[in-house]
Amino acid sequence: MKVIYPGSFDPVTNGHLDIIKRASENFDEVIVAILDNKSKKPLFNVKERKYMLKESVKDLDNVEIDSFSGLLVEYVKKSDTNVVLRGLRVVSDYENEMRNALANKSLDNNIETLFMVSKAEYTFLSSSIVKEIASFHGNVEELVPKVVNENLKEKYKNTYLED
Ligand code: PNS
């Protein structure tokens with residue numbers, strides 16, 4: 001089975017990576033689809049996010065990195081699968097994810113959303129938390145792939161705590 005794992009990935013964290021790795025072991029093919037959301041101001045542009053994801057999954061043969069804009073259902077329709085994979089960390093995720101899955105189902109009855117439960121050690125982890133810590137020059141080494149840690153340092157190198 002081929003699955004599409006969509007998200008913002010601004011930037012990819014070890015929590016995302018854990019889901020991608022486990023998905024690659026359990027499904028034939030995994031397409032990681034980065035949302036290019038023009039209305040949001042991301043820290044990393046799509047090219048940067050793509051590069052960091054590609055670097056992070058380069059040892060996984062059945063994982064591909066792609067991007068999309070607009071509705072997820074339209075992107076899924078153009079692919080050769082109807083299955084979307086999302087990670088679930090905490091109960092509050094469940095509410096949002098149910099809403100999104102049902103919205104997608106109402107737009108395209110053929111779409112199926114599967115959920116994979118995050119590892120307990122990653123339940124607190126999100127791209128937002130990582131950016132917040134990194135912006136104050138905190139250590140995120142254990143939370144993100146090496147390439148992301150380096151890029152975060154680069155992004156925030158000229159910001160000083162007293163600013
Ligand atoms: O990593 P995120 O930000 O939690 O990912 C959310 C994402 C990208 C999966 C979701 O916002 C999405 O699919 N957006 C595309 C627009 C869309 O299809 N919206 C309708 C369903 S919510």
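Start at 1 and go down the list; that is how both ligands and their atoms are numbered.
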Open item on the list: Please determine whether side-chain contact (heavy atoms from CB on, under 4.5 Å) holds for the pair Val84 and Glu112, giving the CA-CA distance in whole Å, both sets of side-chain angles, and the decisive distance to 0.1 Å.
Closed with: CA-CA 6 Å; Val84 169; Glu112 294 297 347; over 6 Å; no
Open item on the list: Side chains of Asp66 and Tyr75: any donor to acceptor distance under 3.5 Å?
Closed with: yes
For a distance cut-off of 3.5 Å, show me each N or O of ligand 1 paired with any protein N or O, plus the separation.
unit_1   : atom_1 : unit_2 : atom_2 : d
ligand 1 : 1 (O)  : Ser8   : N      : 2.9
ligand 1 : 3 (O)  : Ser8   : OG     : 2.6
ligand 1 : 4 (O)  : Arg86  : NH2    : 2.9
ligand 1 : 5 (O)  : Arg86  : NH1    : 3.4
ligand 1 : 18 (O) : Leu72  : N      : 2.8

Task: Main-chain N/O of Ser8 paired with Arg49 side-chain donor or acceptor, under 3.5 Å - done: yes
TODO: For Phe115, look at atom CZ and say whether over 12 heavy atoms of other residues, nucleotides or ligands are found less than 6.0 Å away.
DONE: yes
- [ ] Determine, stepwise, if the pair Lys2 / Asp28 fulfils salt bridge (charged side-chain N to carboxylate O under 4.0 Å, His left out).
- [x] CA-CA 6 Å; Lys2 176 174 176 171; Asp28 301 316; over 6 Å; no
Open item on the list: Salt bridge or not between Lys146 and Glu150? Use side-chain N to carboxylate O under 4.0 Å.
Closed with: yes
